[in-house]
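In the text below, chain A, chain B and the rest are named by the order of the sequence lines, each starting its count at 1.
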Amino acid sequence: MLEKNYNPNDAEQRIYQDWEKSGDFKPDMRSNKDSFSIVIPPPNVTGVLHMGHALDDTLQDILVRYNRMLGKKVLWQPGTDHAGIATQMVVERQLAKEGISRHDLGREKFIETVWKWREKSGGTICKQLRRLGASCDWSRERFTMDEGLSRAVVKIFVSLYKDGLIYKAKKLVNWDPKLMTAVSDLEVLQKETTGKMYYYKYPIEGEEGEFVHIATTRPETMFGDTAVAISKDNEKLKHLIGKKCKLPLTDRVIDIIADDHADPVKGTGAVKITPAHDFNDFEVGKRHHLEMINILNEDATLNENTPFEGLSTMEARQKTIEALEKLGLMEKIEDHPMVVPYGERSNAVIEPLMTDQWFVDAPKLAVAAIKAVENGDMQFVPKNYEKTYFEWMHNIQPWCISRQLWWGHQMPIWYADDGTIFCEETEQEAYKQAEKHFGKKVNLTRETDVLDTWFSSGLWAFSTLGWPDQTEFLDTFYPTSVLVTGFDIIFFWVARMMMMSMYQMKRVPFKKCYIHGLVRDEQGRKMSKSKGNTVDPMITIEKYGADALRFFMAASETQGRDVNVSDARIAGYRNFATKLWNAARFCEMNGCKYTKDFDPQKVQMDLNKWILAKADEATSEVTRNLNDFRFSDAANAVYQFVWGTFCDWYIELSKSVFYGQNEAEKKETQQTAAFVLDRILIILHPFMPFITTELWNNLAERDVKLIHAPWPEVKAQNTNASAIDWAIDLITSIRSLRADLNLPAGTKLTMFLDGLKQNHLDETKQMVLSLARLENIELLTTEVSKDMVQGAFSGGVFFIPLKGVVDFEAERARLSKELSELEGRLKGYKAKLSNESFVSRAPQKVVEEEKRRQSEALEQKQKLQEAFERIKDL
RNA sequence: GGGUGUGUAGCUCAGGUGGUUAGAGCGCUACGUUCACAUCGUAGAGGUCACAAGUUCGAGUCUUGUCACACCCACCA
């Protein structure tokens, strides 16, 4: 017996443990069907589950469970990311509480500490994914720093290096002075602020009283100035080109050069050029072979090349202004809106800094990655995200992959004392090559930089499957079927996976990429800790159950649009689960039990034929929508079927059978109800795996677990509106009319049915009569007279005798208007169907649809005409 | 500056290829607890589909323009 109430918290954990223990998430390698695989976007090992994960992983789990039920070999490959900066920061913060810095420990000890931390607290998010119901094959869980993946990283790195696609260069990079590492362009956030624009002047060398006027937001960088640029088209100022000016507060004299970077209408028209601290100036500097003077230390304090050594940029700025004022060179200071770059992790102001860094030649790797999308080997869903992808890929910059951190993959680079670089997979090999190169044993020093986390994530699609080893899993599951992720990750991850995979595997990492939106709060605002509007999925799960949260995510996911988390809606899906539970209880109480020998083809009763047809309809709708990644349509189709069709009508109508005396009918209905309930459990399972499993296990003995139950194949569909649809329509109309007329529910009505097709009444006579009894209506067929209220429904019209309520005049007007509209439509159908090019060019399905509409409209027209005739003279 | 998307009921949102009376959930109103379910049922109110013009027998849907909003990229001496 089912309990009166369903308790998700008990059931969900119990059921999940059984799945995992029984190995239900492992792929069935004996299946002769296709393989289906997804690699999970690896969450940061430091992370806790947020609503974004809940969405992302629910969608993946739905696809995985659906495909598993289709009988395919299914792998959902889980794992976590070592998340270089994030993890290092977390551990450093912990150490800081004990008053220790990572430098106190030293590199080796620190890394040991991080590993220990990971052992202890790194598994949180995976536990939470289990709570959500994610059916990953946990026996294959990987970590971007584990032995195998590290081997993949080293191998690819060496290969890229030897192909000339990784190189070292001294370049201007985004420098995070707090973390003291380079970061990539993508890790820099531009924030709007109100700053100041400073106007001052540099004296022209050798011309007393002559000046060149400068405007800048960062006066302290003047110590790195090595030129002043003016456009050669600048009529007012071009006479200064070729002269020299004295750089105040220094003993340097710099050239005034011609360069179009200086826009005559911006600022003063003359730009100070600081090649070592500004990306544009860097380009100018390269063009004119200017000296690059670095004025900053790694912590963004000023260095010995300035008079303000050791001061922060802000302090130095103040000092510089004061000094310029003393010299009488300062002219004015204005407020100025500007954007300042911040590090996304450290939130420190990012400084462009000249450093030695390692780069991946992304523009070269992008070529194959672009092509793979152009030729459809990898398809974005929805398609328009490929525009975003192309846009970025076509303008891609070299990718800075070196990080001056400790936690991460140390680069397989060794230097000889003279700076010669050896890039090999092992230290031994590097020494061997060095000995060969120098003709003697030499001393090597390993590069201390580690790789950008996204370097190893970029290999995820094949490294987790065993590469560089040629494994069965790699053969079976690569390329993966689909990648599911948010649009904010396209550049970080999707693009890099594409580049790395095309380079190494020569094939795409995934055939499709489903892009979903962001999870927002109820009002559509971005969730953030500082706003305090975050919702913890774990709390939601405790409150409503994982099934409710999952169903919400599925039902809200409409191809790339953002999802607003709504507590009320999640509660609604909890109610839906309760509804299903109670429907199952009803079935159980009325002896509806799954039996092996039931053949749905052999049912006799209209009611049962009808619900079976509806079940097939719902099934194919779910199937079609899941195949098209239309999650909300799929979820809504099940929802509508369970609540709106099965509970609201089938169960209600079945009562007249169960409370009646016909044992044969009763048995057929019991079997049908059990069969349809099973069908519901199957098609709902990908969305609500827990409650469906709990019911499956409790309702009957089974040959197969629900998680492996075969997905039903629906063949030809009976789309004819049956007598039951007719009866439902009738009842709805009666109820509606009764309410309109303000007749209390207890009022006994006599109703005249007129114009009915006799066979309708015969087919479902018992049903209609018993329903009428429930609705307190006495059904008669008779002539219609003047004092009748008309109700219309698909079977025709019915009348209730009441005096002076109905306005036949208005009714006639309404009918004739409808008739003329219908005429228009019929004309359209006819025109379209007689149009050669439409019939020959449009897909068969569309033409059929059009024909169906036409015949429906014809039928409708006939009915309306009959109805009109009937009331014509009243 | 370049790009992408959005504007539909009080709220949050659905509305593949134009086609019956524009839908859902929540909220609201009225009524209803007899044995699946009050985490419920029945009925109802509520919409100039941002605005304007166009194509069409027919436009929420297609075209053009306008207005508002959101996001992404680049730049701002």
* How long is the line joining CD of A:Q190 and P of B:G1, in whole Å? -> 18 Å
* So, A:R630 and A:E621, do they make that salt bridge, N to O below 4.0 Å? -> no
* Asked: Would you say A:K191 has more than 12 foreign heavy atoms packed within less than 6.0 Å of its NZ?
  -> yes
* What's the CE-P distance between A:M553 and B:C13, to the nearest Å? -> 14 Å
* To do: Please state how far atom CZ in A:F551 lies from atom C1' in B:G25, giving the value in whole angstrom units.
  => 12 Å
* Nearest whole angstrom, please: distance from the P of B:C71 to the CG of A:L189. => 14 Å
* Could you tell me whether A:C587 contacts a base, only the sugar-phosphate backbone, or nothing, with contacts defined as non-hydrogen atoms closer than 4.0 Å? => nothing
* Length of the CG-P vector between A:N564 and B:U6, whole Å -> 15 Å
Pairs of donor and acceptor atoms involving the side chains of residues 576-584 of chain A, under 3.5 Å and at least two apart or interchain, shall be tabulated with distances.
residue	atom	partner	partner atom	Å
A:T578	OG1	A:R574	O	3.1
A:W581	NE1	A:E3	O	2.9
A:N582	OD1	A:R585	NH1	3.0
A:N582	ND2	A:T578	O	3.0

* To do: Output yes when at least one side-chain N/O atom of A:W581 is less than 4.0 Å from OP1 or OP2 of B:C40, else no.
  => no
* Please tell me which of A:K579 and A:D628 maps to the more 5' nucleotide of RNA chain B, matching each residue to the nucleotide holding its nearest heavy atom. => A:D628
* With distance as the sole criterion, do the side chain of A:Q397 and the base of B:A74 form a donor-acceptor contact below 3.5 Å? -> no
